[in-house]
S.K.: 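First, the structure itself, so that you have it in front of you.
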Amino acid sequence: MKKLLLMSFMLVAAVLVLAACGSKSSDTNNSTGSGVEETGTAASASIVIKASRFEFDQPVYKIKKGEPTEITLESEDGVHNMEAPDLNLTVNSGKPKVVTLNDAGEYEFHCDIMCGTGHSKMIAKIIVE
Ligand SMILES: [Cu+2]
């Protein structure tokens with residue numbers, strides 16, 4: 001069991017390193033699809049997602065369709081992030097991202113960092129409308 005934990009921790013670390021490297025080339029890489037578009041331009045809206053053990057501060061966060069929106073993730077304790085697989089979007093704490101979501105809908109997201117026993121309960125939603 002300890003070995004498994006260590007392995008999953010190393011996997012998370014590797015993913016973080018990859019994500020850090022990948023974000024540099026995101027300006028020229030438009031192959032992410034699924035409506036997420038990261039731009040270097042200033043956002044005209046913003047949301048803050050506060051993560052703590054073991055919940056996000058709101059069950060639902062709303063984003064306007066087509067509006068460049070800065071998403072900030074704040075960790076109030078420990079290490080958390082948010083990952084919305086259907087949006088191909090991950091936001092790490094301390095690294096706000098500007099996204100433009102063009103497809104209306106509800107997108108579930110979760111904490112993707114193994115932060116403790118309640119980790120699997122860290123689920124919330126982004127509604128694009
Ligand atoms: Cu977690």
Side-chain angles (χ1 to χ4, degrees):
M1 194 58 199
K2 267 188 178 168
K3 207 171 186 182
L4 189 67
L5 254 176
L6 184 68
M7 276 175 66
S8 54
F9 185 79
M10 284 169 67
L11 189 67
V12 166
V15 167
L16 283 177
V17 168
L18 280 174
C21 295
S23 65
K24 276 182 187 168
S25 59
S26 65
D27 284 348
T28 51
N29 181 8
N30 289 324
S31 63
T32 50
S34 52
V36 173
E37 179 190 312
E38 291 173 43
T39 61
T41 57
S44 52
S46 63
I47 63 166
V48 176
I49 299 170
K50 289 181 184 165
S52 60
R53 295 188 184 124
F54 292 98
E55 60 181 11
F56 295 104
D57 68 325
Q58 293 178 44
V60 166
Y61 302 83
K62 292 191 174 176
I63 290 181
K64 271 192 191 158
K65 185 179 155 185
E67 179 162 44
T69 302
E70 182 180 67
I71 302 177
T72 301
L73 185 103
E74 288 180 4
S75 279
E76 304 204 316
D77 59 29
V79 181
H80 309 285
N81 73 352
M82 71 78 84
E83 180 189 52
D86 294 340
L87 292 172
N88 196 14
L89 171 68
T90 302
V91 180
N92 294 313
S93 81
K95 292 185 179 170
K97 254 187 202 174
V98 177
V99 300
T100 303
L101 304 176
N102 295 312
D103 296 324
E106 295 189 11
Y107 303 94
E108 194 174 270
F109 67 85
H110 56 264
C111 173
D112 192 39
I113 295 174
M114 187 57 200
C115 53
T117 51
H119 171 68
S120 59
K121 292 184 199 157
M122 294 188 66
I123 294 171
K125 247 183 220 174
I126 284 177
I127 293 184
V128 180
E129 59 184 13

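Indexing begins at 1, ligand by ligand and atom by atom, following the structure's order.
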S.K.: For the Cu ion (ligand 1), which protein N/O/S atoms are closer than 2.8 Å?
M.R.: Cys111 SG, Ile113 O, Cys115 SG, His119 ND1
S.K.: For Asp112, is there any backbone N or O sitting under 3.5 Å from a side-chain donor or acceptor partner on Asn81?
M.R.: yes
S.K.: Would you find a donor on one side and an acceptor on the other, under 3.5 Å apart, between the side chain of His119 and the backbone of Phe54?
M.R.: no
S.K.: What I'd like to find out is whether the side chain of Leu87 reaches to under 4.5 Å of the side chain of Phe109, using heavy atoms alone.
M.R.: no
S.K.: What is the distance from atom CD1 of Ile127 to atom CG of Leu101, rounded to the nearest 0.5 Å?
M.R.: 12.5 Å
S.K.: Show me the side-chain donor-acceptor pairs of residues 55-65 shorter than 3.5 Å, one per line, residues at least two apart or across chains.
M.R.:
| from | atom 1 | to | atom 2 | distance (Å) |
| --- | --- | --- | --- | --- |
| Asp57 | OD1 | Lys50 | N | 3.1 |
| Asp57 | OD1 | Tyr61 | OH | 2.5 |
| Tyr61 | OH | Asp57 | N | 3.3 |
| Tyr61 | OH | Gln58 | N | 2.9 |
| Tyr61 | OH | Gln58 | O | 3.4 |

S.K.: What distance separates His80 NE2 from Ser52 OG, expressed to the nearest 0.5 Å?
M.R.: 6.0 Å
